[in-house]
Amino acid sequence: MAKPLSRILVIEDEPLVLREILKGLNAAARALDNPFGIAFGGVATAQAALAAIEADGDIQAVLVDDKLYTLEGASPRRSAAKTLQMSALELVQRITGLRPELNVYILIAKEQEDEVVDALFSEAVDGYFYREERDYRGIYRILNAQIQEKARTPFTDQLKNYVWMAKDQWHTPGHSSGESLRGSPWVSDFYEFMGDHVFDADLSVSVPMLDSLMEPKGVIAEAQAMAAKAFGARSTFFATNGTSSANKVIFQTLLAPGEKLLLDRNCHKSVHHGVVLSGAQPVYLDSALNRRFGLYGPVPRKSILEAIRRHPDAEALILTSCTYDGLRYDLAPIVAAAHAGGIKVIVDEAWYGFARFHPEFRPTALEAGADYATQSTHKVLSAFSQASMIHVNDPEFREHLFRENFNMHTSTSPQYALIASLDVARKQAVMEGYKLLARTLVLARELRQQISATGVFRVLELEDLLPEEVRHDGIRLDPTKVTVDVSGCGYTVDELQQELFDRYNIQIEKSTFNTITLLLSIGTTRSKVSRLYDALMRIAREKRAARRLVRTPEIPAFTKLRYLPRDAYYCGGELVPVFDDQERVNRALRGRVCADGVVPYPPGIPVLVPGQLITPAIAQYLANLLRSQKRIELHGIVQEGYQPCVRALRPAEERGLRRIG
Ligand SMILES: Cc1ncc(COP(=O)(O)O)c(C=O)c1O
């Protein structure tokens, strides 16, 4: 196993003192137990410290002198005047601004103790040492213990302990550590394929030493508290059914039936499902559309602020940041406006769970003031699929209500490997997230340049992606999501995807009518980048005639919401065909109210939500999609024999519902 390296940076302006401190601390590191590879290095100025912290991802902690001076104005006739470079307070703020996961300690002189401690009281300082004491072994022990603490994975460690104890299992799950499969002539191949520990670690709430996800008081509670600290939340909850369930849990906590929610119409479908489950009254905000590429982006800031102003009775606002294509809002002013109107802000960070660990991606939603953030840790960090986190910073958080809703959406038999993987993903993000993300950023930059250098494929940069309406909204691009215009290569998107898969062994993340999207993560390697570049270059050299950009059918504007989505959804309804006997658009659809959400994928934006009025334009749009050649999923369309149908409310059902629009 690779051995960790932990550099600790000492910032001290007096060269002799610095030399002595480094000598003492490194001697202690050599003499004492050093499982994390601690080594001390030093710099004399605040600027050099910041540069080192930025450049060296192995730095785990810093030891800052409380006052850093530089000698200025020294000349043959004038003695040097001491000027303060930067106060310890400012330096600590700059360090934690850059890398909040670092431990920060202050070296102080005894006589200045009160002054320094008072100034730094509310900052992220982990402790103080008196310089005069020269207790280097003592300092080393404390720093070592702190790193050990951060690197702990309380749940995973306990899970391993239980497995190593090899208890006789008189409890669920039924495979009993794989015993039921191991000797089987029929299914032992599955056991072999998956490996022992998948089964050994598949345990259940019957084992009290592993705590309970439903009522965490032990190792799960500890692991969640460590995640909260790492991600900058007041509390964090591990979700084992993805951000899909995380969003629903929050909605059911914040919204009673009939209460208003402002939401991006382009939100993930779990958000739309959450509207049905909570009974909320949605106010849809239309996302800006990049017509050239048929990409839906963020909601214009103006529309969000306008909605906040027009709906002072709204309880909550939910936005997706960053989007699947990597566009992220300038959240702080939006959050401030929502809070001024008493509206809670939820940010779906399904694609942005790593952002806290590199300044290029910050501020995170929580740092921008959001009350809730949901993150698919599995999408962009090292957790198993379905493992997500819910971070809470709401000062009025109603934990009991949240807990009831959380438990409503959580299996009483959660997969323990998922919980362990969240614990480990947090540890990795804290210990080496900065370093890995810095590498990912370098690879993303290289890949972007290389793809565009093919002369055939073109990476879409922020200016290409941004629709006109949001150009001045401070939106930024996460460079690890790489959207490529493939219209120049001569293949259709589907053909290209197949070619990459069959001939070059490459599976991409997603596609639209004219683009493919590649997702870089902390698992991306340089050789993967080269193989992709090589594949694209070979395809480019085929010199096929370029295609024109496919014109993406534009989703019709939102129509009227007649009834609450929940009321409409729970009506039985009836199936109304999209086409009539003559294969024309069925006029009987006009003026009916939809009972389901109807969502074409891509782009995944609902054309209809439950309770929405079906207009001729919408019926026509659905008919066009159903006739289109492009392979497209149309969620919510019911196939009855050969007839594609929409579930619509019956007139009698409508009469029994309260109209809202
Ligand atoms: C914006 C957004 N939110 C939520 C989800 C659901 O996340 P999960 O797959 O973790 O359930 C997705 C999934 O693609 C998504 O794109």
Side-chain angles (χ1 to χ4, degrees), residues 213 227 231 236-252 261 263-278 282 284-285 287-288 295-299 316-329 331 345-355 361 364-365 370 372-391 405-406 408-411 414-415 417-419 421-422 425-426 465 475 477-478 480-481 483 507-512 517-519 521 597 599-606 633 635:
L213 189 63
F231 286 86
T236 289
F237 300 85
F238 291 170
T240 51
N241 196 18
T243 300
S244 302
S245 71
N247 287 337
K248 291 171 204 157
V249 170
I250 296 176
F251 280 16
Q252 289 195 185
L261 167 74
L263 75 160
D264 178 354
R265 190 170 159 217
N266 188 14
C267 275
H268 184 251
K269 62 182 176 183
S270 59
V271 170
H272 297 285
H273 294 157
V275 167
V276 170
L277 288 176
S278 64
Y284 295 101
L285 311 174
S287 334
L295 297 171
Y296 286 81
V299 180
L317 160 72
I318 179 161
L319 295 171
T320 308
S321 190
C322 64
T323 62
Y324 204 175
D325 303 308
L327 295 175
R328 62 180 168 114
Y329 289 92
L331 282 171
V345 180
I346 309 157
V347 179
D348 180 333
E349 286 191 316
W351 294 101
Y352 216 44
F354 54 73
F361 301 109
T364 64
Y372 298 85
T374 52
Q375 297 175 342
S376 298
T377 319
H378 65 93
K379 287 194 198 296
V380 289
L381 288 169
S382 297
F384 284 135
S385 287
Q386 291 192 16
S388 287
M389 293 194 198
I390 305 175
H391 301 298
N405 288 305
F406 181 93
M408 207 182 285
H409 286 275
T410 302
S411 164
Q415 170 58 265
L418 301 193
I419 304 173
S421 75
L422 285 168
R426 181 272 310 153
L465 289 166
I475 287 163
L477 176 64
D478 166 2
T480 66
K481 278 111 187 153
T483 305
Q507 175 62 57
I508 61 159
E509 172 65 28
K510 69 151 181 157
S511 65
T512 67
T517 298
L518 308 157
L519 185 72
S521 73
V599 189
Y601 189 88
I605 299 179
E633 293 173 32
H635 306 162

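All ligand and atom numbering here is 1-based and tracks the order in the structure.
- Of the polar atoms of Ser376, at least one N or O is found under 3.5 Å from an N or O of ligand 1, judged by distance alone.
- Side-chain contact check for His378 and Gln386: no donor-acceptor pair (N or O, by modelled atom type) lies under 3.5 Å.
- If you check the side chains of Thr243 and Ser376, you find a donor sitting under 3.5 Å from an acceptor.
- In this pair, Tyr352 and Phe361 present their aromatic rings perpendicular. The plane angle is above 60°, beyond the 30 to 60° band.
- Ala425 and Ala383 get closest at one heavy-atom pair: CB-N, 4.0 Å.
- An N or O contact shorter than 3.5 Å is missing between Thr320 and ligand 1 by distance.
- For the residue pair Asp325 / Thr323, no side-chain donor-acceptor distance below 3.5 Å is found, with atom types taken as modelled.
- Shortest non-hydrogen contact noted between Thr517 and Ile508 is O-CB, 4.0 Å.
- Scanning all protein heavy atoms for the shortest distance to atom 9 (O) of ligand 1 gives Lys379 NZ, 3.2 Å.
- Polar contact check, Trp351 against ligand 1: a nitrogen or oxygen pair lies under 3.5 Å apart.
- Among all protein heavy atoms, the one lying closest to atom 15 (C) of ligand 1 is His268 CD2, 3.4 Å.
- At under 3.5 Å, a nitrogen or oxygen of His378, whether backbone or side chain, sits near a nitrogen or oxygen of ligand 1.
- For ligand 1, the atoms lying closer than 4.0 Å to a non-hydrogen atom of Gly242 are 10 (O), 11 (O).
- Relative to the ring axis of Tyr324, Lys510 places its NZ or CZ within 45° and under 6.0 Å from the centre.
- Atoms of ligand 1 lying under 4.0 Å from at least one heavy atom of Ser388, given by number and element, are 10 (O).
- Scanning all protein heavy atoms for the shortest distance to atom 3 (N) of ligand 1 gives Asp348 OD2, 2.6 Å.
- Contacts with ligand 1 closer than 4.0 Å are made by heavy atoms of both the backbone and the side chain of Thr243.
- Side-chain N or O atoms of Glu633 include none that pairs as donor or acceptor with a backbone N or O of His635 at under 3.5 Å.
- Contacts between Ser244 and ligand 1, counted as non-hydrogen atom pairs separated by less than 4.0 Å, involve both the backbone and the side chain.
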